[in-house]
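A quick write-up on the structure given underneath.
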Amino acid sequence: MLKTPKTFSVLKLPVHLFNDYTSWLLKRLHQRAGTHVITLNAEMAILAQKNPNVARSIREADLVIPDGAGIVLYLRLRGQRQQRCPGIELAESLLKQIGRLGKSYPIAFYGGKPEIVEKAAQTWRQKVPGISIISNHGYLSPAEEDNWKETLKVTQPKLILVGLGVPRQEFWIRQNRSLCPEAIWIGVGGSFDIWSGTKERAPVLLRENNLEWLYRLYQEPWRWKRMLALPEFFWRALLAR
């Protein structure tokens, strides 16, 4: 059985420290070991302090990666030299690797608006010849969602990317991962918007300087209240033992 990467506690939440999450996940996939991946950032860490269900979802995940700059800062303040791993980049790496395996390794996109998620899927069909993607949007009626779950159960995708927003996507994965017990499940937030071309990712300069959150706030100013979690996380990072 594949060894689990080293774990370090961030505000009493586990973060797995590793240099190559993609390779580890692919090995898990070939061992038919289902994996729920959490992409942890400061906002989500603060939400977990206030919502026990969010904290439980993070602690029960098989892999928790340091998605946000705040998480990396917390680790560095405690002597852990860990590189940031944006969830969108991990998902893209897996799409390229698994997509090349064709129809025997189907992939599912779930979430976002109808035209956006299908456009995102079409983008990847053009990028990776032979990739097999099924998709569905995040505005399904209860009956439609039941049908989608049945589709997943029958199709058994090997990689399932869920873009329902935090924490809804984490709850949905936790509740439904038994449908495809051998799959890699990842909550990808707004990645479908970027892959569809609806929104742009932050310029490389901002990404390299851990300021991607600032560009997202520029694109979505309505998020300012949620961004108040950042200074709260910073102070907790300084004060936590």
Side-chain angles (χ1 to χ4, degrees), residues 4-18 21 25 28 33-78 80 82 84-88 90-91 110-112 138-140 142 145-146 148-149 152 160-181 183-191 213 216-217 220 222-241:
T4 302
K6 174 184 173 183
T7 303
F8 195 89
S9 178
V10 174
L11 298 184
K12 299 182 180 180
L13 301 170
V15 175
H16 293 99
L17 310 182
F18 205 55
Y21 297 104
L25 286 167
R28 291 265 299 185
T35 309
H36 178 194
V37 181
I38 293 280
T39 61
L40 188 67
N41 59 22
E43 184 182 333
M44 191 176 183
I46 291 300
L47 182 60
Q49 308 306 303
K50 303 170 183 178
N51 187 327
N53 289 326
V54 175
R56 183 178 177 185
S57 295
I58 296 169
R59 293 187 181 115
E60 291 183 356
D62 303 289
L63 183 68
V64 182
I65 66 170
D67 174 280
I71 304 299
V72 171
L73 172 64
Y74 186 104
L75 294 169
R76 288 183 180 175
L77 288 173
R78 287 152 183 81
Q80 303 296 317
Q82 174 65 42
R84 178 177 172 240
C85 179
I88 188 171
L90 176 65
Y110 174 47
Y139 295 85
L140 303 177
E145 186 173 333
D146 287 342
W148 173 239
K149 290 177 184 178
L152 293 177
I160 302 173
L161 304 181
V162 182
L164 298 174
V166 176
R168 184 183 167 203
Q169 61 195 19
E170 283 70 34
F171 294 160
W172 197 89
I173 292 172
R174 187 164 164 267
Q175 291 165 1
N176 294 289
R177 59 179 296 193
S178 60
L179 295 171
C180 304
I184 297 170
W185 299 73
I186 309 177
V188 294
S191 296
W213 63 271
R216 191 168 184 186
L217 182 59
E220 302 172 334
W222 55 267
R223 295 177 62 90
W224 71 270
K225 286 187 178 180
R226 294 172 61 176
M227 290 296 180
L228 293 177
L230 300 181
E232 182 178 351
F233 180 87
F234 177 75
W235 285 114
R236 284 178 181 257
L238 292 177
L239 297 173
R241 294 185 179 273

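Reckoned from all heavy atoms, side chains included, excluding hydrogens, waters and symmetry mates.
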Measure the [atom1]-[atom2] distance between [X] and [Y] for me, rounded to the nearest 0.5 Å.
X	Y	atom1	atom2	answer
Leu75	Arg84	CG	CZ	13.0 Å
Arg78	Leu73	CZ	CG	8.5 Å
Tyr110	Lys149	OH	NZ	7.5 Å
Leu164	Ile173	CG	CD1	8.0 Å
Glu170	Thr39	CD	OG1	6.5 Å

Do [X] and [Y] have side chains that approach each other closer than 4.5 Å (heavy atoms only, starting at C-beta)?
X	Y	answer
Leu25	Leu90	yes
Leu47	Pro167	yes
Asn41	Phe233	no
Leu77	Leu238	yes
Ile38	Met44	yes
Tyr74	Ser9	no
Ile160	Cys180	yes

What heavy-atom pair brings [X] and [Y] nearest, and what distance separates the two atoms?
X	Y	result
Trp172	Leu152	CH2-CD1, 3.8 Å
Pro14	Thr7	CB-CG2, 3.6 Å
Leu63	Pro5	CD1-CG, 4.3 Å
Arg168	Gly138	NH2-O, 3.5 Å
Ala91	Val188	CB-CG1, 4.2 Å
Tyr21	Gln82	OH-NE2, 3.4 Å

Do the side chain of [X] and the main chain of [Y] share a donor and acceptor less than 3.5 angstrom apart?
X	Y	answer
Gln169	Gly165	yes
His36	Asp62	no
Glu43	Val166	no

**OP:** Take Leu13 and Arg59 through the side-chain contact (heavy atoms from CB on, under 4.5 Å) test and state the conclusion after the steps.
**Re:** CA-CA 6 Å; Leu13 301 170; Arg59 293 187 181 115; 4.0 Å; yes
**OP:** Give the intermediate values and the outcome of side-chain contact (heavy atoms from CB on, under 4.5 Å) for residues Thr4 and His16.
**Re:** CA-CA 8 Å; Thr4 302; His16 293 99; 3.8 Å; yes
Original post:
Is the closest basic N to carboxylate O distance between Arg236 and Glu232 below 4.0 Å?
Top reply: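 Counted as a salt bridge, because a side-chain N and a carboxylate O are separated by less than 4.0 Å.
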**OP:** Flag the pair Glu60 and Arg177 as a salt bridge only when some basic side-chain nitrogen lies within less than 4.0 angstrom of an acidic carboxylate oxygen.
**Re:**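 No, Glu60 and Arg177 are not salt-bridged.
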